[in-house]
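Below is one structure, written out as structure tokens; the observations come after it.
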Amino acid sequence: MYCVVVLIFACNMEGREHNINWHQGPWGRCMGDECGPGGIQTRAVWCAHVEGWTTLPTNCKQPERPDNQQSCFRVCDWHKELYDWQIGGWNQCRPVLSRSHEKPLECLRGEEGIQTRDITCIQKSNGVPAEDVICEYFEPKPRQEQACLIPCRQDCIVAEFSPWSECSKTCGNGLQHRTRHVVAPPQFGGSACPNLTEFQMCRSSPCTVEESLYSLNVGPWSACSVPHSRQIRNRNRQNRQENKYWDIQIGYQTRQVTCTHKNGKTAALSFCNQEKLPITFQSCVITKECQVSEWSEWTPCSKTCFDMTTPKGNRTRSRTIKQLPVGSESECPQLEEAEQCYPAGMLQYLWCRYGWRSTEWTECRVDPLLSQQDKRRGNQTALCGGGVQTREVYCKCFVLTASRPVDRKLCTGPLPSTSQLCHVPCPTECETSAWSAWGPCTYESCDDPQAKKGFKLRKRRITNEPTGGTGNCPHLLEAIPCEEPSCYDWRITGLEECIPDNEKPCGPGTQVPVVVCVNSDGEEVDRQLCRDAIYPIPVVCEAPCPKDCVLSTWSAWSSWKQLRARSVLAYAGEGGVQCPNSSALQETRSCNEHSCTVYHWQTGPWGQCIEDTSVSAFNSSASWNGEATCSVGMQTRKVICVRVNVGQVGPKKCPESLRPETVRPCLLPCRKDCIVTPFSDWTPCPSSCQEGNFIHCMKQSRHRVIIQLPANGGRECPDSLFEERECEASPVCHSYRWKTHKWRRCQLVPWYVRQDSPGAQETCGPGLQARAITCRRQDGGQADISECLKYSGPLPPLTQMCQIPCQDDCQFTNWSKFSPCNGDCGGVRTRKRALVGKSKKKDKCRNSQLYPLIENQFCPCDKYSAQPVGNWSDCILPEGKMEALLGMKVQGDVKECGQGYRYQAMACYDQNNRLVETSRCNSHGYIEEACIIPCPSDCKLSEWSNWSRCSKSCGSGVKVRSKWLREKPYNGGRPCPKLDHINQVYEVVPCHSDCSQYIWVTEPWSVCKVTNVDLKENCGEGVQTRKVRCMLNTVDGPSDTVEDYLCDPEDMPLGARKCTLPCPEDCVMSEWGSWSQCSLVSSISKCHIYTECLRQPDDGKPCPAATETEACTLNKNCYHYDYNVTDWSTCQLSEKAVCGSGIKTRMLDCVRSDGKSVDLKYCEELGLEKTWQMNMSCVVECPVNCQLSDWSAWSECSQTCGLTGKMIRRRTINQPFQGDGRPCPSQMEQFKPCPVKPCYRWQYGQWSTCKVEVKDAQCGEGTRVRNISCVVYDGSIEDVGKVVDEEFCGEIEPIIDGDKKIILEETCTFPCPGDCYLREWSEWSLCQLTCFNGEDLGFGGVQVRSRAVIVQDLENQHLCPEQALETRPCNDGQCYEYKWMASPWKGSSRTVWCQRSDGLNVTGGCLVMRQPDADRSCNPPCSQPHAYCSETRTCSCEDGYTEVMSSDGTLQQCTLIPVVVIPTMEDKKGDVKTSRAVNPTQPSSNQTGRGRTWFLQPFGPDGRLKTWVYGVAAGAFVLLIFIVSMIYLAW
């Protein structure tokens, strides 16, 4: 039983093991202390079931546990310079399997495909592959696969055939051929090219002489062989150049001469007629290739220490020549290699990240902007508003701690801006309120009332705090010394009722004043504080008795005349107290009761903040005005006592308790020392040697940059920011030259080789000779040959052809130089030679026709003419003129204008139209012409007009001022601001007109004048009058009388009113008071007016009511009040600013319910809520003019010679324009033509025709030659040049088409009669791209050239070579289209051809399925008269004829159509006439145009009558029956 349980448990465990496996997470980040391969990366490894739950690691097989740690390569930033992606080229595009296997009949664009490429992370130094994660750290891995396009197959395209050649034979039967060349090669599986040659037979006149069937054929020269005969060994050794670098051996080569039948077979020489067989041997040089040694070790790096400007140095390695090439066309390989290297041990410096760093911004300055906009304000001080600040930018390495400047070229990012707009806060002026009234006489200090000194004070408060604190405000207190001061006093607020004395009902009495206790500031305080003050005594008064005169109370003192008055309310009766005279009804007083001796404290400005060393516990981390502070200091100021209008007095004259403070603490900002960068590295001195004996004194310099300017007493900047020193003298360059030695003896072909040749002689004939060459310095010293190979150009020839004259040869001296020309145009110069030795006696040598001894040459005619070439240059100001020449000075924006000059180059040509130096034409190379650069004129506006009056006389309104346009901008001047339709710009500000600014002032009412004069008593109804004036209201009250229109006419008081004088026994009431205010507008709410009884009536008569009431009615005696706001003003700036930050304002207005603006106090008394913002910040954009740099120096000429060279200078934008500033000009570069210089080059002439050297040989190996000439040309590709003397190319190395090897002679093959051969290569075709609908598909351009096959005998066609084709890639290709073209039809045929989009007619390129028809013949042909074959290939009739068709649908005949003339409304006759049968295609003779002609066709195409003919006949028959019936009925 136990065994069974164990077995079951084991089986279960085995089953679980298959479902539990190791799982691992991704590798983590590579960690380590050092960069490179020493890193470690880890990952999580756990044991889990296939269902996803984790189990114990012991449940998984331990031998299969994956590693959770591995070594890795820790990548650091400096590895970026060591590793990079190596990107291979894209592989061939392979088609993608399409879902549908059907391909379209016509290929439009191509077939989609896919292409791949290999991408590997490698070490830059040795190309060893590395892990991809290293390169992916810096740059994502480029894509390895991309979609591509397999273009449509392109068949070969050929041009049209050339005209037929001449007949190959002048007599008998021959061949003519014509050829064509390939325009575009077959691509992408296109069909091959057709035959490029066509032949046809031709026949000339019969031959009179039998045609030769054999030709003498000269074979090619064999390879150069070394002589092996012992007899000539010593002789060859004497002529052998034994040298360290070359070993010249002269050998020989031979060739065969055969007789060839025209069918290509070789025959015996006897079949060929020859007088003398060609030479079959010649001397040659044994070819030896260049041999070099192995590379040497690399030299140490040229830099031994790190330099941020040029961190890399150079190292070189070299190899030497063991054997120079002799007789070989190949040159020696490169002898020296160089590569960049780093200083040893400086690897940590290699990873400099270069970037721009900037200094601090300079202080914000307003004057540059002001000088651009308003030059009259440029010299003002205390400017504010928008300004400009600048900074310096330099390049540095951010890895190194030393941030010294480096070469600006090392920083590749965009250059940070060096200027920006800024804002200088405008100072706020201190604004104060008006002075308060003088206060009571009070002690200087109420805390010490024992002193007898007292002052009356008046105060004002600060309504707008200024910039920099209240210390910049005027004094706020003024004092007047006074006597009997007190701190508290009684103030009378009113008087009680007049109580007669002795309890009498009337007569003299007293009024008790109503008082409150106030302090010196007028504030009500506890009555106990006034216990020491004198209490006001009762005022004497008089209660009128019946029949006494009754007077009103005194009016208030008027502010403008200090006058008060009272009036008679009732005259006295008999026995009563009489009224005083009129003078007693008015009183006046002086308006200035106080003394004019006024004192106040005057303060000076706060001094400099001086450090207070006694305070040490100050927190150094505090800040003040956004700037760190480091200590506490103290400030002092001067305080003096000043008497108004006098000056400084003693301090005891002013209240000591009110003396301002003279000392206050302050915070000292931290000192800022000047910070400069370390000096940059010294600029490099020239490392190469200097030519010649003249040594240039070169200097090197270094500089440093101020990063932070000193402030707050910090350390000043050093004086020297730039240093310069002289470089060490450079060594003088050694120059080298080839030295050639004398030519050795002329060496012939060995005698054993040429002895079998007919007429051969042992000591004469052609041969070769050699010479020695050494390398020398200019001083003649010996130098290594490698120096000359490096500095002295190609090696001079080591061998040359020579001739040992035979006995029959003529020998001459060398030609002399040409004699000088005498300067006359058309003169002749000569050169001579003479016969030498036995040649003088030989008749054939003295034959001047064969061997001339004198050569003549015409002298050149020195006639030169100048002519202008090219375009005019830009208008250029004279150098150094940075301001206008027309009187306009441009400040700050470096714009030039005024008079300048433009230039056009002059070319000088000789009489042969060859370009020569311009000095030959006595010209400095230019035509100058004056020109004008227009000066920019800015928009000009007038000055600001005066402010208009406030739009409201009461409350808040607006006032306006304007500028108008005086001159529009032109020539790029500063534009105008936005103008209205009448070219004006406005500025609007809110204004407030004090409703009490102009007030109505009334005098007291006059005595009531009774109108009823019949009564004896002076009582009853009458009239009162008073004067009403409009007056200017000031702080001190009404001052001046003004016009009445300035006051509100609705508020004008009455100047007259009705009145009633009580009789002596009547009750006398006081004047009515003011109406009380209505609290609510309704019929229930009332307002009241009160009066009081001044004299009781006699005999108990009643007094009238003392109160009147009136219902509250809106906008009549009761009003609502509410706030209103004006519109925003325009942005307002400080007076000393023209742009920048400003404020827009608006004002509150109190509006009555009837719409009238009233004084703000009505709204303020109601405590209405003010929810509006009255001020808002705004910005007036600064009109910054475009700031340009200076013009750069003129560049080097774009061409070293020729007609098209030009020099360019440029300028850049330092500050773009902003706002309404002057915009930048469009011209940022100027060009100027270079002086014309002739271009010279070596140029090949045309190859001569291939000639067999032997006189009697007809075909075989020959030579063709060409010469090399010095030509002058104008620098353009099109100019082929004109030949000039070789001396003009004396300093030009003979290089033609980039090849130093000059080939003037080459072997060629002249075809024998009957041979089949290839023509010369055609010219390279135009560069053609693979395109679709004019769009390049990106496969690059291709050019092609071809060789056609020429057959001379049809029997030898089987021996012909294949026609040849060559292609090459090209740039600057074009897209061409191919379209079918067709000529007009001529009968039933026309010509159809394919044409390229540039007009070239070709074969191929056009789609065959789209080819138009070239033939449209009808079958059977159209033989009927007036019939023709239509485009549908059916027979039709000409115009004017109708078709009559047969039963089988073919045309039977063409019938003439009758013509019917339909009359128009203008015709007087309405009859219808049938015209005669004429040819309708002929022009009609009737030109009146009065009718329209219709052709009626009664017959259909089948020849039968049409249906409408039957209808017309039936209608005519019915009409006839109708007419007959009507006639019958009429009868």
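Positions are given from 1 along the sequence.
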Task: Expected output: side-chain Thr918 to main-chain His924 donor-acceptor under 3.5 Å - done: no

- [ ] Quick one: pull up CZ in Arg831 and CD1 in Ile854 and give me the separation to the nearest 0.5 Å.
- [x] 12.0 Å

Open item on the list: Is it the case that over 12 heavy atoms from other parts of the model lie below 6.0 angstrom from the CG atom of Asp1372?
Closed with: no

Task: Full working for side chain to side chain contact (heavy atoms under 4.5 Å, CB included) between Ile1268 and Leu1304 - done: CA-CA 7 Å; Ile1268 181 174; Leu1304 301 179; 3.9 Å; yes

Task: Main-chain N/O of Gly413 paired with Trp356 side-chain donor or acceptor, under 3.5 Å - done: yes

Task: Close side-chain approach of Cys1289 to Pro1294, heavy-atom, < 4.5 Å - done: no

Task: Inter- and intrachain pairs under side-chain hydrogen bond (donor to acceptor under 3.5 Å, both in side chains), touching residues 1275-1289, at least two apart - done: Asp1274-Ser1276

Task: Point-to-point distance, once rounded to the nearest 0.5 Å, from CZ of Arg1241 to OH of Tyr1273 - done: 5.0 Å

Open item on the list: Quick check on Gln1227: does its CD atom have over 12 non-hydrogen neighbours (other residues, nucleotides or ligands) under 6.0 Å away?
Closed with: yes

- [ ] Test Val182 against Ile157 for side chain to side chain contact (heavy atoms under 4.5 Å, CB included), laying out the working first.
- [x] CA-CA 6 Å; Val182 178; Ile157 304 174; over 6 Å; no

Open item on the list: For a 4.5 angstrom cut-off between non-hydrogen side-chain atoms, does Ser1269 reach Gln1243?
Closed with: no

Open item on the list: Would you say CZ of Arg1345 has more than 12 non-hydrogen atoms from neighbouring residues, nucleotides or ligands within 6.0 angstrom?
Closed with: yes

Task: Under 3.5 Å: donor-acceptor pair, side chain of Ser819, backbone of Thr830 - done: yes

Task: Spacing of Arg1209 atom CZ and Lys1232 atom NZ [to the nearest 0.5 Å] - done: 8.5 Å

Task: Side chains of Asn1185 and Phe1217 in contact at under 4.5 Å (non-hydrogen atoms) - done: no

Open item on the list: Between Asp874 and Phe1231 (side chain of the first, backbone of the second, donor and acceptor by atom type, cut-off under 3.5 Å), is there such a pair?
Closed with: yes

- [ ] Please report the closest heavy-atom contact between Arg737 and Gln778, naming both atoms and the distance.
- [x] CD-OE1, 4.1 Å

Task: Ile1295 and Trp1242: CA distance, side-chain angles, deciding distance, side chain to side chain contact (heavy atoms under 4.5 Å, CB included) verdict - done: CA-CA 7 Å; Ile1295 298 177; Trp1242 293 104; over 6 Å; no

Open item on the list: Is it the case that the side chain of Thr316 and the backbone of Glu337 share a donor-acceptor pair, with hydrogens and angles ignored and the cut-off at 3.5 Å?
Closed with: no

TODO: With salt bridge (Lys or Arg N to Asp or Glu O under 4.0 Å) as the test, would you mind laying out the steps for Asp938 and Arg1222 before giving the verdict?
DONE: CA-CA 8 Å; Asp938 298 335; Arg1222 184 178 297 167; 2.7 Å; yes

TODO: Identify the heavy atoms of Pro1216 and Cys1224 that sit nearest to each other, and give their distance.
DONE: CA-SG, 4.4 Å

Open item on the list: What's the separation between atom SG in Cys908 and atom NZ in Lys1237, rounded to the nearest 0.5 Å?
Closed with: 15.0 Å

Task: Within-4.5 Å side-chain heavy-atom neighbours: Leu915 and Leu1203 - done: yes

Task: Shortest non-hydrogen contact between Gly898 and Cys935, atoms and distance - done: N-SG, 3.9 Å

TODO: Could you tell me which non-hydrogen atom of Leu1188 sits nearest to which non-hydrogen atom of Ile1213, and how far apart they are?
DONE: CD2-CG1, 3.9 Å

Task: Whether over 12 other heavy atoms sit under 6.0 Å from Glu1323 CD - done: no

Open item on the list: Within the structure provided, determine whether Val393 and Leu415 are in side-chain contact (heavy-atom separation under 4.5 Å).
Closed with: yes

Open item on the list: Check this for me: Asn314, atom CG, are more than 12 non-hydrogen atoms of other residues, nucleotides or ligands nearer than 6.0 Å?
Closed with: yes

- [ ] Assess whether side-chain hydrogen bond (donor to acceptor under 3.5 Å, both in side chains) is satisfied between Arg725 and Gln700, documenting all intermediate values.
- [x] CA-CA 6 Å; Arg725 69 183 183 186; Gln700 57 180 166; 2.7 Å; yes

Task: Stepwise side-chain hydrogen bond (donor to acceptor under 3.5 Å, both in side chains) check, Arg777 with Tyr736 - done: CA-CA 4 Å; Arg777 293 196 299 268; Tyr736 302 91; over 6 Å; no

Task: Val1272 side chain reached by Phe1288 side chain, heavy atoms, under 4.5 Å - done: no

Open item on the list: I'd like to know if Arg1264 pairs up with Glu1306 as an ion pair, taking the criterion as any Lys NZ or Arg NE/NH1/NH2 lying under 4.0 Å from an Asp or Glu carboxylate oxygen.
Closed with: yes

Open item on the list: Return the CG to CZ distance between Asn871 and Arg902, rounded to the nearest 0.5 Å.
Closed with: 10.0 Å

- [ ] Give a yes or no answer on whether the side chain of Gln1230 reaches the backbone of Arg1210 with a donor-acceptor pair at less than 3.5 Å.
- [x] no

- [ ] With Arg1368 as the cation and Trp1324 as the aromatic partner, state whether NZ or CZ is under 6.0 Å from the six-membered ring centre and within 45° of the axis.
- [x] yes

Open item on the list: Check this for me: Glu929, atom CD, are more than 12 non-hydrogen atoms of other residues, nucleotides or ligands nearer than 6.0 Å?
Closed with: yes

Task: Spacing of Gln1328 atom CD and Asp1398 atom CG [to the nearest 0.5 Å] - done: 9.0 Å

Open item on the list: Are Glu967 and Ser937 packed together at the side-chain level, in the sense that at least one heavy-atom pair is separated by less than 4.5 angstrom?
Closed with: yes

- [ ] Answer yes or no: are there more than 12 heavy-atom neighbours, outside Asn814 itself, under 6.0 Å from its atom CG?
- [x] no

Task: Residues which pass ring pair (Phe, Tyr, Trp, His ring centres under 6.0 Å) with Tyr1378, listed by chain and number, not counting sequence neighbours - done: none

TODO: Would you confirm whether Gln334, through its side chain, and Glu336, through its main-chain N or O, come within 3.5 Å as a donor-acceptor pair?
DONE: yes

Open item on the list: Could you check whether atom NZ of Lys968 has more than 12 heavy atoms from other residues, nucleotides or ligands sitting under 6.0 Å from it?
Closed with: no

Task: Main-chain N/O of Pro1223 paired to Arg974 side chain as donor or acceptor, under 3.5 Å - done: no

Task: Side chain Ser1325, main chain Val1344, donor-acceptor under 3.5 Å - done: yes

- [ ] Please assess Thr390 against Ser419 for the test side-chain hydrogen bond (donor to acceptor under 3.5 Å, both in side chains), listing each intermediate value before the final yes or no.
- [x] CA-CA 4 Å; Thr390 59; Ser419 64; over 6 Å; no

Open item on the list: Before you tell me yes or no, could you show the steps for Ile876 and Trp1194 under side chain to side chain contact (heavy atoms under 4.5 Å, CB included), namely the whole-Å CA-CA distance, both residues' side-chain angles and the distance that decides it to 0.1 Å?
Closed with: CA-CA 12 Å; Ile876 300 169; Trp1194 287 105; 3.6 Å; yes

Open item on the list: Which heavy atom of Val1265 sits nearest to which heavy atom of Glu1305, and what is that distance?
Closed with: CG1-CG, 3.8 Å

- [ ] Verify, without hydrogens or angle tests, whether Ser680 (side chain) and His703 (backbone) share a donor-acceptor contact under 3.5 angstrom.
- [x] yes

- [ ] Determine the minimum heavy-atom distance between Ser1397 and Cys1375, stating which atoms define it.
- [x] OG-O, 4.4 Å

Open item on the list: Can you confirm whether Pro969 sits close enough to Cys976 that some side-chain heavy atom of one is under 4.5 Å from a side-chain heavy atom of the other?
Closed with: yes

